[in-house]
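Labels below follow one simple rule: chain letters A, B, ... track the order of the sequence lines, proteins then strands, and each chain is numbered from 1. When reading the values below, keep in mind they use all heavy atoms of this one structure, side chains included, and skip hydrogens, waters and symmetry mates.
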There are 2 protein chains.
Amino acid sequence: MLDTTFDALPTDGALRRHAMERSGEGQAGSGRADSGRAGAVGFRPLYRQVYDTLLKRLADAVWQPGQVLPSEGQLAAELGVSQGTVRKALDALTADSLLVRRQGRGTFVADHDDKQSVFRFLKLRPDGDGTGMPTSRVTGIAEATASADERGRLDLVRSARVVRIERVRAVDATLCVVETISVPAGLFPGIAQIELPNTLYSLYATRYGITIATANERLKAVAIGPREAELLQVPAGTPALEIDRVAIDLEERPVEWRLSTCLTQDIHYLSVLR
Amino acid sequence: MLDTTFDALPTDGALRRHAMERSGEGQAGSGRADSGRAGAVGFRPLYRQVYDTLLKRLADAVWQPGQVLPSEGQLAAELGVSQGTVRKALDALTADSLLVRRQGRGTFVADHDDKQSVFRFLKLRPDGDGTGMPTSRVTGIAEATASADERGRLDLVRSARVVRIERVRAVDATLCVVETISVPAGLFPGIAQIELPNTLYSLYATRYGITIATANERLKAVAIGPREAELLQVPAGTPALEIDRVAIDLEERPVEWRLSTCLTQDIHYLSVLR
DNA sequence: TAGTGGTCTAGACCACTCC
DNA sequence: GAGTGGTCTAGACCACTAA
């Protein structure tokens with residue numbers, strides 16, 4: 001069914017799970033390949049399969065960030081489902097921040113680089129007014145064998161190699177963050193030799209085809225260490241906010257570990273609970 | 001239209017905005033009362049009006065937490081719209097955590113007291129395993145004239161009265177939080193005389209008809225003050241996570257200010273970014 | 001077995017954008 | 001005016017729950 005490759009216009013009914021099995025003619029072709037409706041096992045709705053199909057194409061970078069997708073009608077015809085079903089899948093992908101829909105224009109691949117998306121994974125905001133736009137300066141970059149922490153966070157084997165990036169960041173020109181970023185060297189070949197942009201996640205997407213889908217952050221209050229104190233020019237022991245982030249990609253792999261130490265004299269971490 | 005009171009079965013077509021105006025017969029009755037479709041002003045979809053109508057009923061506590069709503073079909077008939085439109089409104093309310101839908105059973109008003117909802121506004125988790133269930137002990141409660149901070153957070157006038165609650169909390173039996181909660185005295189009459197439950201928000205809902213819809217939290221790392229240090233039995237100056245929360249109700253009023261000071265030796269604040 | 005929410009379809013029309 | 005996403009409807013059937 002939807003798990004297989006697609007012809008331009010598959011045989012009518014190839015995906016009509018409910019409709020076909022109704023009259024007992026549902027066994028033709030790949031009629032009940034993957035959803036296992038016959039037994040008591042999980043039922044997978046059609047729009048979910050469309051979702052997974054489109055997700056895979058996004059993961060495989062079939063469409064680039066910022067690019068427009070085919071229209072709802074075209075996708076529906078190609079996949080052999082109704083427009084409403086495609087719409088439900090597209091809406092879900094939009095809710096997951098992977099697509100952006102614009103009435104009258106089309107459906108686009110979300111771009112980590114645009115103004116709105118910068119703050120999707122950056123929750124540090126200035127206390128006062130200010131835009132909160134971040135800047136960065138790399139203070140060190142090196143490849144090494146993964147530490148125990150890195151292996152645990154990134155789900156790596158014992159001898160795996162990682163690239164470590166240390167940088168300091170400012171919010172509205174106020175220097176306040178030092179962070180160490182670890183990524184598996186195998187996933188990001190040559191990253192140690194590149195001029196790194198301010199928004200790493202757009203680099204991951206465009207150069208390495210790795211799209212960050214979610215990130216889990218664990219926050220603690222700590223006394224700042226000597227290295228961070230020196231870089232941020234404050235006394236060692238100053239209270240600081242430590243953000244321990246693991247970023248997950250579309251294939252649900254942990255692909256980046258980031259440990260940020262933040263001074264919160266003039267900024268705060270914003271969390272909106274719904 | 002939907003802004004007025006409802007008859008059991010309103011005149012057919014009362015809400016058919018698109019359908020009626022199509023053939024030029026759309027002026028009958030309250031045909032274009034509130035959406036102003038004629039001009040260039042905002043277009044309000046039907047399901048949005050249904051959403052607002054149901055939201056108002058929830059705010060007015062027409063249905064109590066945990067209670068079941070009428071079925072989709074009944075609501076559709078009552079409001080004079082299609083079942084699909086009602087469904088879209090119900091889905092949106094569910095996405096906003098105000099309703100819970102259970103296939104085969106019905107649609108229920110979300111209950112702040114049940115197991116899942118406890119953690120909607122509590123992001124502190126144990127570092128290790130543990131369930132993270134919180135407990136509380138009130139250490140002080142008093143009514144007073146609102147301070148400048150309280151007036152700012154709760155949008156109060158100069159002479160307004162507030163009730164302040166101080167309590168300590170434990171996560172998995174580890175004492176780690178002291179918090180000061182301020183609420184407008186006028187909104188919560190008699191709250192200073194009640195035995196306070198562990199989950200305050202269910203009390204707000206059931207006793208005062210105030211449903212918390214969202215909360216904005218600002219996090220900082222601070223050196224713990226003497227009062228908090230004494231209550232938590234740690235040295236003054238220990239780094240602590242300070243959570244400054246303003247809770248907003250269904251009518252978008254700020255109704256509670258809560259300042260929590262948390263020791264993060266054995267717990268962390270969990271933030272999931274999507 | 002009846003009733004509920006969940007899925008899927010088909011078709012019409014509306015709002016918006018761009019040529 | 002053509003093309004896109006957005007809304008709304010009507011009706012069928014599926015999955016789940018409880019009596």
Could you state the atom-to-atom distance from [atom1] of [X] to [atom2] of [N] in whole Å?
| X | N | atom1 | atom2 | answer |
| --- | --- | --- | --- | --- |
| A:Phe43 | C:dG6 | CZ | P | 12 Å |
| B:Leu46 | C:dC14 | CG | P | 13 Å |
| A:Arg48 | C:dG6 | CZ | P | 15 Å |
| A:Gln83 | C:dA10 | CD | P | 11 Å |
| B:Asp91 | C:dT7 | CG | C1' | 12 Å |
| A:Leu90 | D:dT7 | CG | P | 14 Å |
| B:Arg101 | C:dG3 | CZ | P | 18 Å |
| B:Glu72 | D:dC8 | CD | P | 15 Å |

- request: Report yes if the side chains of A:Glu217 and A:Ile243 come closer than 4.5 Å at any heavy-atom pair, otherwise no.
  value: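 Result yes, sub-4.5 Å side-chain heavy-atom pair found.
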- prompt: Is there side-chain contact between A:Tyr51 and A:Asp96, with at least one heavy-atom pair below 4.5 Å?
  reply: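 Touching, per the 4.5 Å side-chain cut-off.
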field: Selection from C:dT4, C:dC18, C:dT9 that lies nearest to any side-chain heavy atom of B:Ser71
entry: C:dT4
- prompt: What nucleotide among D:dG5, C:dT9, D:dA15 has an atom nearest to a side-chain atom of A:Gln103?
  reply: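 Minimum distance to the A:Gln103 side chain belongs to D:dG5.
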message: Run B:Tyr204 and B:Val255 through side-chain contact (heavy atoms from CB on, under 4.5 Å) and show every step you take.
response: CA-CA 10 Å; B:Tyr204 296 171; B:Val255 294; 5.5 Å; no
query: What do the steps show when you test A:Arg207 against A:Ile194 for side-chain contact (heavy atoms from CB on, under 4.5 Å), and what is the final call?
result: CA-CA 11 Å; A:Arg207 185 176 174 105; A:Ile194 305 173; 3.1 Å; yes
Looking only at side-chain N and O atoms, does [X] come under 4.0 Å of OP1 or OP2 in [N]?
| X | N | answer |
| --- | --- | --- |
| B:Lys88 | D:dC8 | no |
| A:Thr107 | D:dG5 | yes |
| B:Thr85 | D:dT7 | no |
| A:Gln74 | D:dT4 | yes |

message: Applying a 4.0 Å non-hydrogen cut-off, can you work out what A:Arg102 is touching in the nucleic acid: base, sugar-phosphate, or nothing?
response: sugar-phosphate
- request: Test for a donor-acceptor pair under 3.5 Å between the base of D:dG6 and the side chain of A:Arg87, counting only N and O atoms.
  value: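 Under the 3.5 Å cut-off, the side chain and the base do form a donor-acceptor pair.
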Most 5' of A:Ser82 and B:Gly106 on DNA chain C, judged by nearest nucleotide: B:Gly106
field: CA sep, side-chain torsions, deciding dist, call: A:Arg153, A:Asp244, side-chain contact (heavy atoms from CB on, under 4.5 Å)
entry: CA-CA 10 Å; A:Arg153 299 299 204 290; A:Asp244 183 323; 2.4 Å; yes
